[in-house]
Trainee: 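Here it is, the structure, as C-alpha cells.
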Amino acid sequence: MILLLLLHAAVALAVGLLGRRLGRRVLLLGAVPPAVTVVWTALRTAAVTGGDVLEEAVPWALELGLSLDLRLDGFGLLFWWLISGIGLLVTIYAFRYFGERDDLGRFDAMLLVFAGAML
C-alpha cells in the first residue's frame, strides 16, 4: 500500500515536470498509478472479502513513538476500488477530451495527488 502511495507521488511529480514536453500524452503517463492500483486491488479482493485484513506499518518518528499504519479491510477495499477506478476513468476521459494544452501536466499532477491523498 505504501508503494502505491509513493507511486502516485512520484508520477505526480514527473507529470508536473514533463507536462509541456509530452503534451497530451502526459495523461497516459498519469494513468499508470490508478491502473496499477486497480490491478493491485483486484488481486487482493478475494482475500479481503474472505475476512483477511491487510496491514502495513512504517516507523516514522521512533523517538515519539509514531508510525504510519495502513489497514485494508472490506470497507477500505470499497474505497480503493472507487478511488482507483474513477481516477483511471477520469484520466482516460481527459486524454480523449482535451486537445494540446500547456497545463495538462499540472492538471494531471493535481489529479494524482488528490487520488493519492484519498487512498
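Sequential numbering from 1 along the given sequence is applied to the chain's residues.
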Trainee: Quick one, L7 with L3, criterion side chain to side chain contact (heavy atoms under 4.5 Å, CB included). Give me CA distance, side-chain angles, the key distance, then yes/no.
Mentor: CA-CA 6 Å; L7 177 65; L3 291 177; over 6 Å; no

Trainee: With sequence neighbours left out, write down each residue that passes ring pair (Phe, Tyr, Trp, His ring centres under 6.0 Å) with W40, or none if nothing qualifies.
Mentor: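 If we apply the ring pair (Phe, Tyr, Trp, His ring centres under 6.0 Å) test to W40, skipping adjacent residues, the hits are W80.
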
Trainee: What pair of heavy atoms forms the shortest contact from A31 to L88, and how long is it?
Mentor: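 That would be O-CD1, 3.7 Å.
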
Trainee: Does R44, at its CZ atom, have more than 12 non-hydrogen atoms belonging to other residues, nucleotides or ligands within less than 6.0 Å?
Mentor: yes

Trainee: Using the rule that Ile, Leu, Val, Met, Phe, Trp and Tyr join whenever any side-chain heavy atoms are under 4.5 Å apart, tell me whether L64 and V58 fall into a single cluster.
Mentor: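 Each belongs to a different hydrophobic cluster.
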
Trainee: Taking the six-membered ring of F98 (Phe, Tyr or Trp), confirm whether the NZ or CZ of R24 is under 6.0 Å from its centre and within 45° of its axis.
Mentor: no

Trainee: Provide the closest heavy-atom pair for H8 versus L119 in the form atom of the first, atom of the second, distance.
Mentor: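 Answer, listing the atom of H8 first, then L119: CE1-CD1, 3.7 Å.
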
Trainee: If I take atom CD1 from residue I86 and atom CG from residue L111, how far apart are they, to the nearest 0.5 angstrom?
Mentor: 12.5 Å

Trainee: Report whether L43 and V53 are members of the same hydrophobic cluster (ILVMFWY, side-chain heavy atoms less than 4.5 Å apart, transitive linking).
Mentor: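 No.
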
Trainee: Are any non-hydrogen side-chain atoms of F107 and L27 less than 4.5 angstrom apart?
Mentor: yes

Trainee: Would you say L72 ends up clustered with V39 if hydrophobic residues are merged whenever their side chains have heavy atoms under 4.5 Å apart, either directly or through other cluster members?
Mentor: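 Result: no, two separate clusters.
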
Trainee: Restricting to non-hydrogen atoms, name the atom on S67 and the atom on P59 that form the minimum distance, rounded to 0.1 Å.
Mentor: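 Shortest heavy-atom contact: CB-CA, 3.9 Å.
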
Trainee: Any side-chain to backbone donor/acceptor pair from E56 onto D69? Under 3.5 Å, distance only.
Mentor: no

Trainee: M110, L89: one ILVMFWY side-chain cluster at the under-4.5 Å cut-off?
Mentor: no

Trainee: Grab the two heavy atoms, one from V113 and one from A12, that are nearest each other, plus how far apart they are.
Mentor: CG2-CB, 3.8 Å

Trainee: Is there any salt bridge (charged side-chain N to carboxylate O under 4.0 Å, His left out) pair reaching into residues 71-100, and which pairs are they, with sequence neighbours excluded?
Mentor: E55-R71, R71-D73

Trainee: May I ask you to test the L5-L70 pair for a side-chain heavy-atom distance under 4.5 Å?
Mentor: yes

Trainee: How far apart are the closest heavy atoms of V11 and L29, and which atoms are they?
Mentor: CG1-O, 3.6 Å

Trainee: Are L6 and V15 connected, step by step, through hydrophobic side chains (Ile, Leu, Val, Met, Phe, Trp, Tyr) whose heavy atoms are closer than 4.5 Å?
Mentor: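 Yes.
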
Trainee: Measuring from L78:CG to L82:CG, what's the distance to the nearest 0.5 Å?
Mentor: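 Output value for this atom pair is 4.5 Å.
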
Trainee: How many angstroms lie between CG in L66 and CH2 in W60, if you round to the nearest 0.5 Å?
Mentor: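 Here the rounded value is 6.0 Å.
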
Trainee: Is there side-chain contact between L4 and M1, with heavy atoms separated by less than 4.5 Å?
Mentor: no

Trainee: Over 60° means perpendicular and under 30° means parallel, so classify the ring planes of F75 and F79, tilted if in between.
Mentor: perpendicular

Trainee: Would L28 and T91 count as a side chain to side chain contact (heavy atoms under 4.5 Å, CB included) here? Give the steps.
Mentor: CA-CA 8 Å; L28 295 177; T91 306; over 6 Å; no

Trainee: Can you find a pair of side-chain heavy atoms, one from I83 and one from P34, that are under 4.5 Å apart?
Mentor: no

Trainee: Please name the pair of heavy atoms, one in S84 and one in T37, separated by the smallest distance, quoted to 0.1 Å.
Mentor: CB-CG2, 3.5 Å

